[in-house]
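Below is one structure, written out as structure tokens, with a few remarks after it.
Remember, it's a predicted structure, so these values are computed and weren't measured experimentally. In listed order, ligands and their atoms are each counted from 1.
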Amino acid sequence: MSLGQSLRRTYRSLFARIVFVYLVSMIALSTTTTLVAVDQFNQLGREWLQRNEIDMAHHLTRVLQDSLDDGVDAPSTRAAVEQVMTINPALSLYALDTDGTVVGAYGPDRCGLGRRIDRGAIDELLSDMPMLPVYADMPCRGDEGVFSVAPITYGPQQQSGYLMVQLEANTDVSMANIWQTSSISRTLLIAGCVALALTLAVGLALFAFLTRRFSRLTRTVQHFAEGDYRQRSPESIDDEIGRVGRAFNDMAATIEAQVEALHDTDRQRRELIANLSHEFRTPMTSLLGYAKQLDRRPLDDETRSGLDAIRANVERLAQLADQLSQMSRANIAGRPLCPSTFSFAELANDILGKFHPRALEKGIELRVENQAAIAEVSADIELIDHALTNMVDNAITATNTGGTVSIRILEFDDARLKIGVRDTGVGIPEKEIPLISQRFYRTTVGRERGEGTGLGLAIVSEVLKRHESQLVIESKPGKGTCIWFTLPRTILDERSIHPS
Ligand SMILES: Nc1ncnc2c1ncn2[C@@H]1O[C@H](COP(=O)(O)OP(=O)(O)O)[C@@H](O)[C@H]1O
Ligand SMILES: [Mg+2]
């Protein structure tokens, strides 16, 4: 089997499919979990920050309130904020009016003036039991962040408003940054990867165990379907696969018993046919003898033509009885093959030798064309002799004077030889090609000729089936026919030698 074929087979296996679905689900699950975990950790960090610093704006209000009375942009306010910011330079402070509009910005670059902060977020954070984290759009950053807020009054008119402190620094929190600076994240990530690898390994091992049992059961059923009726499943575990295995065993036992019974009936039928056809032969030989005796006497034309018809029909009956007897006695389907390695060219020459007188009489040339380097095959020589004799007989019958019948021996591939019987005879109409190897089928030409029984090629097909081969028929009416098959060069395997 090529690499591509075995890959394709693995891909189509149940195990590969389960593993594929499992891997995809695991990847999807771990990606989603990681994303959710990172987001939740991020939120948790911000929640902690807000929880710890929730009063920061109140504390700062106490420090800044006096200067705020001068106005949000008054030099005293700026000086006071600068003082605060020397303690924590990352802080960004904003003074908001009651609508939430930024009226004073004290961040490092004083941006965000005129921006409006959602009042809902401010009210939520100032409520008795705020649900943390509470986010609001940060005036400078434009994205959401946690904050601390406290009510203030500002300016000479004592306008109400809020002091808002942005609690998160303007630093970018990237995954790479977290990986480099957070030992908790690092430990969690490593633990997650190890857990994932362990789950994958355990899952794959479990699937392999389950599918191996299933594959074993599939193989058993396949071998059974191929004709090895002794195959049984060894399943003993009481689960679904085990139950299928045991149900298969029960079914297999029933089928095996039925097949044995069928073989028995078949054997009896063959014996009956063999005995009957044998019994037919004696009276027919005797009939032919009487016909020959009568033939020697002077007879009028009508009686002679009647006698000829009797002889022709008795000869045909004798031939039929002979073929039937051969077919049942050879017991091709039932008897064990006796394979041996022999030179095919020698066998071909022997067979053509048998037909030499007939070919000479008909004016037909007989030839062996051996084009194979080593024309040795491994087969049951008796059966192959029988099959090839039938084929040459057909070819000679179909060929007229001046024609040629040849046995061709060619290389098929490394393991098999291709053997063909070719003639330059009448050929077979295309429609009849698939039918001629059926039992008792004779072509129109064959029937008109009145000879033959239609059993020859059926026997040949049986013989080839036993050799795991088959007939291939190529023919052109009026031009000729080539009927070929292949045979193995090496010894046949056990199964075909001792069929069940
Ligand atoms: N080489 C061939 N050329 C033409 N017809 C053929 C050839 N071989 C077989 N046939 C036809 O196929 C039919 C079946 O052949 P076969 O099974 O050997 O029966 P039989 O020879 O007893 O008639 C025959 O009627 C015969 O005419
Ligand atoms: Mg024949």
Side-chain angles (χ1 to χ4, degrees), residues 273 277 280-281 284 312-330 332-333 348 351-352 354-355 357-359 361-369 382-410 418-467 469-486:
I273 294 176
S277 45
F280 275 147
R281 242 189 265 166
M284 275 184 297
N313 277 303
V314 171
E315 267 167 10
R316 194 165 128 62
L317 262 179
Q319 203 187 8
L320 189 62
D322 205 46
Q323 294 258 31
L324 275 174
S325 149
Q326 266 182 33
M327 192 156 153
S328 46
R329 270 191 206 290
I332 293 155
I351 289 172
L352 290 192
K354 282 195 281 188
F355 286 97
R358 200 173 138 202
E361 192 184 315
K362 258 192 117 175
I364 294 171
E365 189 194 346
L366 298 181
R367 263 208 310 253
V368 174
E369 293 171 20
E382 201 186 319
L383 291 184
I384 295 296
D385 180 340
H386 192 75
L388 207 66
T389 304
N390 260 310
M391 290 166 73
V392 173
D393 178 50
N394 283 346
I396 292 177
T397 309
T399 308
N400 294 321
T401 310
T404 309
V405 169
S406 52
I407 299 180
R408 312 182 86 199
I409 308 165
L410 307 164
K418 176 177 169 180
I419 289 122
V421 175
R422 209 158 85 149
D423 63 61
T424 54
V426 290
I428 306 159
E430 205 182 328
K431 270 196 293 185
E432 292 189 286
I433 289 181
L435 306 173
I436 62 166
S437 45
Q438 289 178 4
R439 283 182 189 184
F440 300 110
Y441 188 86
R442 289 186 294 155
T443 54
T444 322
V445 182
R447 280 197 299 273
E448 277 165 7
R449 201 186 288 122
E451 291 167 1
T453 58
L455 277 173
L457 286 180
I459 298 176
V460 176
S461 295
E462 289 259 319
V463 168
L464 293 178
K465 206 157 107 191
R466 291 297 309 279
H467 288 81
S469 183
Q470 59 182 19
L471 278 183
V472 181
I473 302 163
E474 292 160 357
S475 186
K476 280 215 168 73
K479 291 241 161 94
T481 306
C482 179
I483 304 187
W484 62 269
F485 56 89
T486 64

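For atom 25 (O) of ligand 1, the nearest non-hydrogen atom of the protein is T443 N, 2.8 Å.
Between the S475 side chain and the I428 main chain, a donor and an acceptor come within less than 3.5 Å of each other. When atom types are taken as modelled, the side chain of T401 and the backbone of K362 share a donor-acceptor pair closer than 3.5 angstrom. R442 contributes no side-chain N or O that, together with a main-chain N or O of G454, makes up a donor-acceptor pair within less than 3.5 Å. Counting only distance, with no hydrogens or angles, the side chain of T424 and the backbone of T404 share a donor-acceptor pair below 3.5 Å. Side-chain atoms of T399 do not come within 3.5 Å of backbone N or O of D423 as any donor-acceptor pair.
Taking OG1 of T481 as the reference point, atom CG of N394 lies at 9.5 Å (rounded to 0.5 Å). Between atom CD1 of residue I473 and atom CZ of residue F485 there is a gap of 12.0 Å, rounded to the nearest 0.5 Å.
Between V392, N394, L320, it is N394 that holds the heavy atom closest to atom 21 (O) of ligand 1. Among I436, I396, V460, I428, the residue whose heavy atom lies closest to atom 4 (C) of ligand 1 is I428.
At a 4.0 Å cut-off, not a single heavy atom of N390 sits close enough to ligand 1 to count as contact. Heavy atoms of G425 come nearer than 4.0 angstrom to ligand 1 in no pair at all. Heavy atoms of V445 come nearer than 4.0 angstrom to ligand 1 in no pair at all.
For ligand 1, the atoms sitting less than 4.0 Å from at least one non-hydrogen atom of G456 are 16 (P), 17 (O), 18 (O), 19 (O), numbered in the order shown with element in parentheses. Residue contact check: G454 has heavy atoms under 4.0 Å from atoms 17 (O), 19 (O), 20 (P), 22 (O), 23 (O) of ligand 1.
A donor and an acceptor atom, one from each side chain of R358 and T397, are located under 3.5 Å apart.
No N or O atom of Y441 sits closer than 3.5 Å to an N or O atom of ligand 1. At a 3.5 angstrom cut-off on N or O pairs, L457 counts as close to ligand 1. In terms of polar-atom proximity, D423 is counted as a contact of ligand 1, with an N or O under 3.5 Å from an N or O of the ligand. Not one N or O of G427 is nearer than 3.5 Å to an N or O of ligand 1, by distance alone.
At a 4.0 Å heavy-atom cut-off, ligand 1 touches T481 through the side chain alone.
Because the distance cut-off is set at 2.8 Å, N394 qualifies as a neighbour of the Mg ion (ligand 2) through one of its N, O or S atoms.
At most 12 heavy atoms of other shown residues, nucleotides or ligands fall within 6.0 angstrom of atom NZ in K465.
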